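Note sheet for the following structure.
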Amino acid sequence: MRTAYISHADCQKHDTGENHPENARRLAAIEDRLLASGLFDVLDHVDAPEVTEEQLLRVHTRRHLETVRSIVPASGYGRVDPDTVVSADSLLAAHRAAGAVVAAVDLVVGGKMQSAFCGVRPPGHHAESDRAMGFCLFNNVAVGAAHALEAHDVERVAIVDFDVHHGNGTEEIFRDDDRVLFCSTFQHPFYPFTPLLGNAANRVNVPLGATAKSAEFRAAVSDHWLPALEKFQPETVFVSAGFDAHEDDDMSNVSLTDADFRWVTEQIVDVAAAFATDRIVSTLEGGYERNSLARCVEMHVRVLMGLH
Ligand SMILES: [Zn+2]
């Protein structure tokens with residue numbers, strides 16, 4: 001199985017300040033781990049292009065693009081909200097992050113790769129069509145999914161999101177689009193505190209209590225995600241790969257283990273093999289404890305590559 005690793009040095013330039021959990025050391029830890037494991041050398045490396053305005057406008061309003069441009073300062077720091085810090089190179093990093101998922105779609109849907117992992121930042125799944133929030137400027141996975149639907153011969157995609165925070169932005173963008181099935185597990189009640197919508201033909205929200213561990217997470221995936229994915233039969237599977245539900249990550253209370261992230265990736269690979277000719281486009285969302293983040297990304301990528 002050929003798997004692309006798509007990133008860009010510009011993603012490291014998104015400076016969020018001294019003590020921000022979403023910082024450049026996250027990607028450095030991931031790449032160090034991939035190097036040490038030997039995986040880095042067998043991945044197909046692709047430099048992320050910058051997303052185009054046309055690609056962003058498939059999921060964001062023009063006003064949103066103008067707002068993001070206007071808050072990025074020439075020097076020092078700007079803020080979208082108390083959590084979401086931007087600096088001079090943040091727009092460039094955000095363009096690379098969304099562009100990475102577009103490039104991943106072109107490679108995977110175009111048949112050159114079975115799967116791709118986008119090692120990018122800033123993350124994306126909290127960004128709504130008209131609002132940046134929660135460390136996210138543009139909704140990278142949504143930009144990629146829209147690219148598959150609009151620029152390729154793809155009629156149905158699934159986006160599965162195992163980040164511990166609800167992917168409110170992805171849900172909002174595709175709420176009324178029956179070409180996109182959104183499956184999410186998340187701690188609830190918890191950030192982003194947006195109203196929890198009921199499930200629908202294109203939406204599977206499975207809230208997890210703060211005390212949830214492996215059993216609850218695996219039951220959520222097995223009992224809710226997998227039947228919906230089997231019914232929907234996505235032609236490409238997108239992954240919002242956040243690793244902040246890990247027990248070592250103090251961003252949340254949910255306590256998953258390395259083995260849970262391996263297991264959920266195996267389930268996703270099985271769905272893609274059954275319905276999507278193995279096509280998986282995965283992109284990094286959260287994960288702030290760098291040791292567990294790096295280990296779990298290595299495992300996630302290893303399973304995508306068909307190495308166990
Ligand atoms: Zn998160």
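Please read all numbers here as calculations on a predicted model, not as lab measurements. We count ligands from 1, going down the list as the structure has it; atoms in each ligand are counted the same way.
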**OP:** Could you note down all residue pairs passing ring pair (Phe, Tyr, Trp, His ring centres under 6.0 Å) where residues 196-241 supplies at least one of them, sequence neighbours left out?
**Re:** none

Original post:
Any ring pair (Phe, Tyr, Trp, His ring centres under 6.0 Å) pairs touching residues 263-287, not counting sequence neighbours?
Top reply: none

Original post:
What N/O/S atom of D163 is the closest to the Zn ion (ligand 1)?
Top reply: OD1

Subject >> E22 side chain to T16 side chain, donor-acceptor N/O pair below 3.5 angstrom >> reply: no

Original post:
When you measure from the Zn ion (ligand 1) to each N, O or S atom of D244, which atom gives the shortest distance?
Top reply: OD2

**OP:** Run the salt-bridge test on R302 and E298 with the 4.0 Å N-O cut-off and return the result as yes or no.
**Re:** yes

Original post:
Short check: any N/O/S atom of H165 below 2.8 Å from the Zn ion (ligand 1)?
Top reply: yes

